[in-house]
Structure formats: C-alpha cells, structure tokens
A.B. asks: 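One structure, as structure tokens, below. Some questions next.
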Amino acid sequence: MNRRSYIKGILALGTLSITSFSIFKWFDLSKSVSPEILLKKQRVIAEIAEMIIPVTDTPGAKAAGVDHYVIKIVTNCMSTIQQNKFISGLNDLEQYAIDHFDKEFIQCSNADKTAVIQYFESHSGFSNRIINKINNKLFGAPFYNKMKSLTVEGYCQSQLGATQGLAYDYIPGKFEACIPIQKNQKSWATK
Amino acid sequence: MNSNDKAKLQNTYDAIVIGSGISGGWAAMELCKKGLKTLLLERGRDVKHIEDYPTANLNPWDFDLGFNNTTKDIAADPIQSSAYSPADKHFYVSDAEHPYIQEKPFNWYRGYQVGGRSLTWGRQCYRLSDLDFEANAKDGVGVDWPIRYKDIAPWYSYAESHIGVSGQKENLHQLPDGEFLTPMELNCIEKHLGDSIKKDDSKRLVTIARVANLTRGWDNRGPCQNRNLCTRGCPFGGYFSSNSSTIPAAMATGNLTLRPFSIVTEILYDDQKQKAKGVRVIDTLSNEVYEFSSKIIFINASTIATTGILLNSVSSRFPNGFGNSSNQIGHNLMDHHSSAGAFGIHEDFTDQYYKGRRPSGFLIPRFRNLQDNENLGFKRGYNIQGHGERQEWMDKSGSITGFGADFKKQLTTPGPWTIWMAGWGECLPYYKNQVTLDASRKDKWGQPLLKLDFSFEDNEHKMMDDIRAVSGEMLEKAGFKNIDTFNYSRPGGSTVHEMGTARMGNDPKTSVLNKFNQMHDVKNVFITDGSSMTSSASQNPSLTYMALTARACAYAAEELKKGNL
C-alpha cells in the first residue's frame with residue numbers, strides 16, 4: 001500500500017467509525033456466536049430467503065433449502081465478527097418489522113414483509129464505494145447484502161435451483177460455441 | 001552426515017527420478033521406456049488415476065458449503081486456500097504443515113502427491129521460439145540459452161504427440177505451431193474481438209488457447225467432455241496429467257518402482273568417482289531414513305523444492321550446495337506476472353449463447369518487441385489470455401437490485417456478453433530474486449525452511465502498465481462498454497510458473513546446467529523442471545519442461561550406454 005492510499009484508508013476509517021460503529025458495538029462483535037442462536041433464527045432466515053427468491057413457475061429458496069445453507073455458511077465460513085454482524089443485522093430486521101407493523105417478521109403479511117425487505121434493500125451500504133469496500137473488508141458485508149448473496153449462492157447451487165431454476169448440464173460432451181438462444185432460455189447453472 | 005540416522009543402502013537402480021509432477025512423470029516414462037530400472041520418488045501420497053479423484057463426479061449441491069472454504073481452512077492454509085476450493089483442496093498441501101518463509105510476499109502453491117501439480121495445472125501448451133531463446137544474448141540480460149529453437153523443436157513435437165494438444169495453426173514466428181488435434185472453438189464474442197483486433201492491427205490476432213485437453217480420443221484417454229472441472233482430476237482422462245498418462249506408461253514397462261511418502265533430503269556425492277551416488281530419503285510414514293543409489297539422477301521436484309534439495313546437499317566438494325560452483329543455485333527466480341488486464345461488457349449478440357463448458361479461453365500471441373527497439377520502455381513482451389462469456393448468476397448477484405420474482409428472473413437468465421483478459425508477461429532473471437535455506441527454522445522432519453525473496457521490478461511494472469492500457473484499448477475499439485482496466489498487483493508465485501534457480505547455460509562459471517540439462521559439475525545429475533529455465537519467455541512453460549525432459553532423457557540414456565556417466 002502506498003502512502004497516499006494508506007492515508008485515504010485512515011480517513012475513510014475515521015468517517016466509518018463515527019457513522020456506523022460505536023465502541024460498544026465493537027465489543028459486542030467480538031464475542032462468539034453460539035450455534036443455537038442461529039438455529040432459532042432458521043425460520044426467519046428461510047422467510048427472508050423466500051422473499052428474495054420466491055417460488056414462481058420454478059421452486060423458490062425455501063423449497064431449495066437455502067436456510068440450511070445460510071446457517072452452515074455462517075457457522076463455518078464466517079469470522080466471529082462477521083457472524084455477530086450477521087446476527088445483529090438480522091435482529092435489526094426483525095425489530096424493524098415489530099416497530100413498523102407490530103408483528104414478528106414471519107407473521108407479517110406479504111405486503112408488510114415486502115416493505116421490510118424493501119427498506120433494507122435500499123438502506124444497506126454506504127453511498128461511497130470506497131467506504132463500502134473498506135467496511136465490507138473489516139466487518140463483512142452488511143447483513144442484508146450478505147443474506148442476499150448467500151441466498152443466491154445457496155439457491156443456484158441447490159439441486160432444485162440448479163436443475164429447475166437454471167439449466168444444469170452435468171456432462172455436456174460437446175461444446176457448441178455459438179447457438180441461437182432459445183425462447184425463455186435459462187442461464188447455465190455452472191461455468 | 002548424522003551418525004544416528006542408521007542410513008543403510010536399501011536398493012540400487014539405474015535411475016532415480018525425484019518428483020512425480022509434470023516433468024518427473026515424463027522423466028520416469030522416458031527412462032523406463034529406454035529400459036532403465038527407475039525409482040520414482042514422491043514426497044506426498046499416491047494418487048491413482050480416476051479412483052483417487054473423489055470429487056470428480058460431484059454436483060454443486062453435493063458440497064456442503066458450496067465452494068466456500070471454512071475459516072479454519074483459511075487460517076491453516078492462508079496461501080493454498082486462495083487457490084483451492086472444497087472441490088480440489090485435497091490436491092493442495094496444508095501451509096500449516098508445510099511452512100515456508102516469505103521475505104517478501106510470495107504465493108508458493110504446492111501439491112504434494114503423485115502427479116504433483118499436473119493434476120491442477122492450467123493445461124496451456126505454447127512453444128518458445130528463437131525470439132525467446134536469443135533474447136538474453138541480445139539484451140545482455142542473464143546468460144545466453146545454450147539451445148535454440150531447432151534443438152528443441154523435434155522434442156516439442158514428440159511431447160505434443162504424446163500428451164495431445166488441441167490448437168489452431170497460425171504460422172507465427174514468435175509462437176511456432178505444433179502437432180495439434182482439432183482446435184476448440186471461439187465463441188461469438190471472442191470471434192468479434194478477434195475480427196476487431198485484426199482489422200485494427202494486422203500484427204495481432206485472437207486464437208483459441210492451445211491446451212492439453214483432448215478434442216478426440218487419444219492414447220486411450222478422452223475425449224474431453226467439456227465439463228470444465230479439470231482441477232478435480234478427470235475421470236474421462238480428458239486432459240494430460242502424470243497420473244493419467246506418463247506414470248501408467250512408465251508402469252507398463254515393468255521398469256518403474258514408485259515410492260510415495262518419500263522426502264528426498266539430500267543428493268549424495270561420491271568424492272572418488274566425482275559423481276552423485278544416490279539420494280537420502282525420509283520415509284514420512286515410518287520416519288525412517290533410507291538411502292537409494294543409482295547411476296543417474298533426475299531432479300524434478302519443482303523449481304523451489306529442487307533448489308532446496310540442492311542447497312541442502314553440502315559436502316566438502318560442494319560446501320555451498322550440490323553442483324553449485326557457479327553460486328547461481330537459488331538465484332534468478334522468475335514467475336510470470338498475470339495481474340494486469342481489462343474487462344468489458346458488450347451489448348450486442350444477445351440472441352447468441354453456447355452449450356457446454358469449454359475448459360479453455362483465447363490467446364492473443366505476443367505482439368510487443370517482435371523487432372528490436374520498439375522503444376516501449378520495457379524489454380520482451382507478453383501474450384494476452386482471456387475468455388468471453390455471458391454473465392450468469394455468480395457475476396450478477398451483486399449488481400441486480402431488488403428482490404422477488406423480477407430479481408429471480410434477471411438472476412436466472414443470461415446476462416450480457418463479457419470479456420476478461422490479462423497479459424501473461426515475461427519476468428527477467430534477477431540475481432537478487434532468490435531461494436535460500438534458513439537453518440534456524442526447521443519443518444517437522446527437521447529440514448531447514450525455504451526462504452523466498454522475490455519481487456517484480458521496473459521492467460515488469462512498465463509492461464503491466466502497457467498491458468492494462470492496450471487491453472482496455474482493444475476492448476474499447478471492439479465496442480465494449482463499462483471497461484475496467486485492472487492491475488491486481490498479485491505477488492510473485494501467483495501465476496504458478498516458478499523458474500530459473502538452476503539455469504542452463506554454456507559457461508559453468510555462470511550457469512548450473514549445460515545444454516542437455518546436465519549439471520556442469522556432476523555429470524550424472526540432470527535437472528529438467530522449471531529451475532533449468534534460462535529466461536522465462538512469456539509462454540506457459542510446462543510444455544517446454546516436458547520437451548526438455550524428453551531430450552535430456554534421450555541424451556542421458558545414450559551417454560550411459562557409452563559409459564560416459
């Protein structure tokens with residue numbers, strides 16, 4: 001890292017700590033997350049995933065078992081800080097539902113759930129790209145963004161998602177370099 | 001020598017080959033075919049073709065955590081985990097178990113198993129040309145190659161004919177054609193880029209990658225099924241590896257003894273005969289120490305590990321390392337850079353798609369400094385490698401806004417065409433870029449750790465700037481939008497083309513090996529892995545190692561017959 005980008009980094013960090021993280025929250029983030037907490041959240045995780053990728057003419061996230069995938073990833077592939085950030089973001093989302101609709105998220109009507117998700121869809125992340133990058137690097141992506149990308153990953157790599165939501169070609173045999181696209185062409189599930 | 005190690009002379013062979021990766025497999029096959037009883041030593045476990053590819057037939061959903069590495073894996077293997085995923089982790093070492101010292105950041109990717117990194121290699125096969133073999137002499141950089149293209153050309157043909165290389169003849173001086181199987185095909189966007197580039201500059205062209213993936217059945221293997229899961233090992237034998245090809249061929253002669261779990265710690269020198277007499281080995285299962293003797297030794301442990309063995313083999317004759325009277329062993333470490341390039345999106349051809357997962361991309365052969373004095377501010381050149389495709393869910397998930405049915409529809413339908421491409425650039429041999437041993441730190445077998453001190457210099461950085469600018473221009477002229485030119489600035493080792501630490505040359509005072517990869521100092525020892533490279537050129541080097549190995553084996557067998565070794 002050269003001196004200039006180092007200074008830029010420090011400045012961005014300074015802004016970040018004022019806008020998004022109090023010192024108390026930092027302490028909160030360094031305690032480890034117990035697996036039971038996540039399992040208690042499984043239903044709401046499944047519900048959020050289904051809002052992101054709902055059942056249509058093809059299966060949705062719930063049927064594809066995305067909630068199981070998300071919990072496994074949070075447990076095994078996230079640092080303590082990232083896990084805490086995920087849980088605390090999830091709590092924020094649930095709290096938002098209670099504050100605005102007087103109900104647990106999973107009990108909300110579809111319209112209310114949509115409003116909750118819409119709020120987090122438009123309020124996750126800083127407007128500044130560099131601060132976003134640094135924030136993501138230090139603390140992991142904001143909860144909603146992480147949840148959305150894990151939902152996509154879990155769905156598109158699940159058996160139902162890959163074979164019905166997308167087009168899965170297990171053993172292609174031949175490579176056809178240029179072919180006309182079909183009506184209602186689905187993406188290939190794998191590269 | 002340690003008097004406690006109870007080393008005993010267990011076995012005698014005609015030849016010993018150290019390392020079973022891409023060049024070691026070739027050495028074993030060639031020596032066995034010439035009737036030599038050959039011992040092939042491999043420090044890692046055995047990996048049998050097909051039966052030891054546990055993930056080869058798995059679907060994405062068969063992986064519990066998708067293709068994410070666990071935090072535990074990342075902590076234990078900070079370097080290797082940047083290359084592996086749960087799909088091929090078993091073909092990489094653990095950094096925790098196999099530490100090395102980074103004087104400066106250096107990604108040393110390793111696969112300690114029978115077949116080595118031939119299981120996970122990129123399969124690109126390009127010949128060097130006289131532009132490369134003459135470069136050092138012309139520029140006054142390093143030392144002159146002791147061979148020219150005509151010396152190695154028939155051996156390139158020999159190697160290609162054995163492994164099977166698909167590719168397109170282009171009749172270029174800087175990138176000679178080879179013995180090719182039917183080429184794979186460029187897709188729409190790649191053809192479009194090729195047309196645009198050729199129209200703009202007749203010196204440049206886009207050709208399909210030349211790869212060791214079989215477009216038809218070959219040597220009882222393949223053809224490639226276009227699954228693009230090569231690094232898991234191929235149950236169809238669709239690409240070349242030691243495991244699928246050279247080791248079974250060596251085994252079939254009845255002359256091969258394969259000994260996995262065998263770390264070679266030293267080459268043993270016979271003062272009276274002034275030859276190598278054999279090797280010392282630690283059996284990693286029993287921790288016992290063995291000695292094996294042979295008439296000739298081929299060292300193919302991979303550049304950095306080969307260097308370690310040589311530096312660790314000290315004697316009164318060679319106090320600075322085996323065959324090191326030139327004091328060049330460990331120096332001149334090179335790796336291609338492949339960090340700079342460009343990415344762009346194209347809005348046309350939305351009615352076109354493809355079927356199958358071609359396990360290769362395209363190549364723009366070198367077009368810089370083909371004549372002397374192009375005054376670009378840097379010496380030598382680069383080739384550009386890349387691929388075109390339509391954006392799929394993994395590329396789009398971060399950029400599609402919204403959620404619900406519309407989001408799902410966008411996510412699951414093909415996005416716009418894109419091209420990603422980067423320059424694979426030549427790295428000059430710098431004496432200061434080196435591998436040394438640190439005797440103060442030992443691994444779990446009591447062997448000194450290897451210390452890597454490497455950085456790219458001005459010539460490489462200037463070349464990266466050129467690659468970045470030129471790649472962006474080529475995409476722009478071809479009508480791409482949202483062009484992002486980049487330099488990932490990845491450290492040395494990231495291209496996994498380590499080379500140069502026991503270089504070939506004419507003069508024993510400034511080089512380690514002669515024109516037949518034979519040690520100047522010790523005539524019955526040959527080194528034919530990447531460490532023998534006098535310059536790096538810009539081509540992916542494995543094919544050259546294979547050709548040099550076959551050539552050296554023919555020479556060694558002949559010399560042995562004549563009683564010269």
Side-chain angles (χ1 to χ4, degrees), chain A residues 48 51-54 56 58 60-61 64-65 69 72-73 75-80 82 114 117-118 121-122 141 145 148-163 165-182 184-191, chain B residues 57 59-74 184-191 208 215 223-229 236 349-359 389-398 400-405 407-409 411-415:
Chain A
I48 297 168
M51 291 302 294
I52 295 169
I53 302 184
T56 51
T58 59
Y69 181 80
K72 276 189 281 190
I73 297 294
T75 309
N76 296 293
C77 305
M78 284 191 188
S79 68
T80 305
Q82 291 166 339
T114 304
I117 301 293
Q118 186 56 57
E121 169 79 28
S122 31
N145 297 356
K148 191 168 158 183
S149 70
L150 286 180
T151 301
V152 167
E153 216 177 280
Y155 178 77
C156 294
Q157 294 181 155
S158 69
Q159 186 161 10
L160 284 181
T163 60
L166 296 150
Y168 183 58
D169 197 354
Y170 182 51
I171 302 177
K174 279 200 168 55
F175 174 67
E176 297 173 63
C178 297
I179 53 172
I181 207 155
Q182 303 296 304
N184 297 322
Q185 176 81 52
K186 285 177 184 145
S187 279
W188 296 117
T190 59
K191 281 188 176 177
Chain B
N57 291 312
N59 298 291
W61 54 88
D62 296 324
F63 295 91
D64 225 20
L65 304 170
F67 299 102
N68 297 290
N69 294 319
T70 63
T71 44
K72 225 163 124 188
D73 281 341
I74 294 168
M184 294 188 165
E185 202 183 329
L186 297 170
N187 64 34
C188 307
I189 201 69
E190 295 165 342
K191 283 178 191 158
I208 187 75
T215 44
C224 168
Q225 299 296 307
N226 292 290
R227 305 183 322 142
N228 197 24
L229 301 176
F236 302 93
F349 310 103
T350 51
D351 57 346
Q352 297 291 309
Y353 208 18
Y354 38 76
K355 184 187 177 299
R357 299 180 289 279
R358 189 192 61 196
E389 62 187 9
R390 296 193 70 155
Q391 282 195 326
E392 312 290 20
W393 62 267
M394 53 293 256
D395 314 301
K396 295 192 287 191
S397 79
I400 313 173
T401 54
F403 57 95
F407 173 77
K408 182 182 178 188
K409 171 112 200 188
L411 184 72
T412 53
T413 47

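Protein chains get the first letters and strands the later ones, always in sequence-line order, with residue 1 at the start of each.
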A.B. asks: To the nearest 0.5 angstrom, please state how far the OH atom of B:Y353 sits from the SG atom of A:C178.
C.D. replies: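 Answer rounded to 0.5 Å: 13.0 Å.
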A.B. asks: Grab the two heavy atoms, one from B:A405 and one from A:P54, that are nearest each other, plus how far apart they are.
C.D. replies: N-CG, 3.6 Å
A.B. asks: Would you find a donor on one side and an acceptor on the other, under 3.5 Å apart, between the side chain of B:S397 and the backbone of A:K148?
C.D. replies: no
A.B. asks: Between A:Y69 and chain B, which part of the residue has a heavy atom less than 4.5 Å away: side chain, backbone, both or neither?
C.D. replies: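 The side chain, not the backbone.
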A.B. asks: Most heavy-atom pairs under 4.5 angstrom with chain B, which of A:D169, A:T114, A:T56?
C.D. replies: A:D169
A.B. asks: Heavy-atom distances under 4.5 Å only: say whether A:E121 touches chain B with side chain, backbone, both or neither.
C.D. replies: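 The side chain, not the backbone.
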A.B. asks: Just so I know, are the side chains of B:R358 and A:F175 near enough to count as touching, which here means a heavy-atom distance under 4.5 Å?
C.D. replies: yes
A.B. asks: Hey, could you give me the OG1/CZ distance between A:T190 and B:R227, rounded to the nearest 0.5 Å?
C.D. replies: 10.0 Å
A.B. asks: Just by modelled atom types, is the A:G154 backbone N or O under 3.5 Å from a matching donor or acceptor in the B:W61 side chain?
C.D. replies: no
A.B. asks: Would you find more than 12 non-hydrogen atoms of other residues, nucleotides or ligands less than 6.0 Å from A:K174 atom NZ?
C.D. replies: no
A.B. asks: Side chains of B:F63 and A:Q157, heavy atoms from C-beta outward: is any pair under 4.5 Å?
C.D. replies: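 The answer is no, as the side chains (C-beta and beyond) never meet within the 4.5 Å cut-off.
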A.B. asks: Any heavy-atom pair between the side chains of B:N69 and A:C77 that's under 4.5 Å?
C.D. replies: no
A.B. asks: Less than 4.5 Å apart, side chain to side chain, heavy atoms only: is that true for B:L65 and A:I73?
C.D. replies: yes
A.B. asks: Side chains of B:N57 and A:Y170: closer than 4.5 Å at any heavy-atom pair?
C.D. replies: yes
A.B. asks: Which answer fits B:I208, side chain, backbone, both or neither, if we ask what part of it has an atom under 4.5 Å from a heavy atom of chain A?
C.D. replies: neither
A.B. asks: Do B:N68 and A:E153 have side chains that get closer than 4.5 Å, going by heavy atoms?
C.D. replies: yes
A.B. asks: Less than 4.5 Å to any heavy atom of chain B: does that hold for the side chain of A:S158, its backbone, both, or neither?
C.D. replies: backbone
A.B. asks: Determine the option with the most heavy-atom pairs under 4.5 angstrom with chain A, choosing from B:E190, B:R390, B:Q352.
C.D. replies: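 Among B:E190, B:R390, B:Q352, the one with the most close pairs to chain A is B:Q352.
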A.B. asks: Can you tell which part of A:Q182 gets under 4.5 Å to a heavy atom of chain B, answering side chain, backbone, both or neither?
C.D. replies: neither
A.B. asks: Quick one: closest heavy-atom pair of B:K355 and A:P172, and the distance?
C.D. replies: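 Answer, listing the atom of B:K355 first, then A:P172: NZ-O, 3.7 Å.
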A.B. asks: Give the member of B:G356, B:P414, B:G66 that has the highest number of heavy-atom pairs under 4.5 Å with chain A.
C.D. replies: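 Counting heavy-atom pairs under 4.5 Å, the top option is B:P414.
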A.B. asks: What's the spacing between B:R357 CZ and A:I171 CD1 if we round to 0.5 Å?
C.D. replies: 9.5 Å
A.B. asks: Among B:T71, B:D62, B:I74, B:N187, single out the residue with the greatest number of heavy-atom pairs under 4.5 Å to chain A.
C.D. replies: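 Highest number of heavy-atom pairs under 4.5 Å: B:T71.
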A.B. asks: Could you go through A:K191 and B:E389, starting from their C-alpha distance and side-chain angles, then the distance that decides it, and tell me whether this counts as salt bridge (charged side-chain N to carboxylate O under 4.0 Å, His left out)?
C.D. replies: CA-CA 9 Å; A:K191 281 188 176 177; B:E389 62 187 9; 2.8 Å; yes
A.B. asks: As an exercise: rank B:N228, B:L186, B:D64 by heavy-atom pairs under 4.5 Å with chain A and give me the winner.
C.D. replies: B:D64
A.B. asks: Specify which of A:P180, A:C156, A:S149 makes the most heavy-atom pairs with chain B at under 4.5 Å.
C.D. replies: A:C156
A.B. asks: Taking all heavy atoms of B:F403 and all of A:Q118, pick out the closest pair and write down the distance.
C.D. replies: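 Nearest heavy atoms, B:F403 then A:Q118: CE2-OE1, 3.4 Å.
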A.B. asks: Need one label for A:T58: side chain, backbone, both or neither, based on atoms under 4.5 Å from any heavy atom in chain B.
C.D. replies: both
A.B. asks: Which bit of B:M184 is near chain A, if near means a heavy-atom gap under 4.5 Å: side chain, backbone, both or neither?
C.D. replies: neither
A.B. asks: Counting only heavy atoms closer than 4.5 Å, note whether B:T215 contacts chain A via side chain, backbone, both or neither.
C.D. replies: neither
A.B. asks: Any idea which heavy atoms bring A:L166 and B:W393 closest together, and the distance?
C.D. replies: CD1-CD1, 3.8 Å
A.B. asks: Is a donor from one side chain sitting under 3.5 angstrom from an acceptor on the other, for A:Y168 and B:N59?
C.D. replies: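 Side-chain D/A pair, A:Y168 to B:N59: present.
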A.B. asks: Supply the atom-to-atom distance A:I52 CD1 to B:F407 CZ, rounded to the nearest 0.5 angstrom.
C.D. replies: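 A:I52 atom CD1 to B:F407 atom CZ measures 7.0 Å (nearest 0.5 Å).
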A.B. asks: Between A:S187, A:G60, A:A177, A:G161, which residue shows the highest count of heavy-atom pairs closer than 4.5 Å to chain B?
C.D. replies: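 Greatest number of close heavy-atom pairs with chain B: A:S187.
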A.B. asks: Are any of the side-chain heavy atoms of A:Q159 and B:P60 separated by less than 4.5 Å?
C.D. replies: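 Contact flag for A:Q159/B:P60 side chains = no.
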A.B. asks: With heavy-atom distances below 4.5 Å as the criterion, would you say the side chains of A:K72 and B:T70 are in contact?
C.D. replies: no
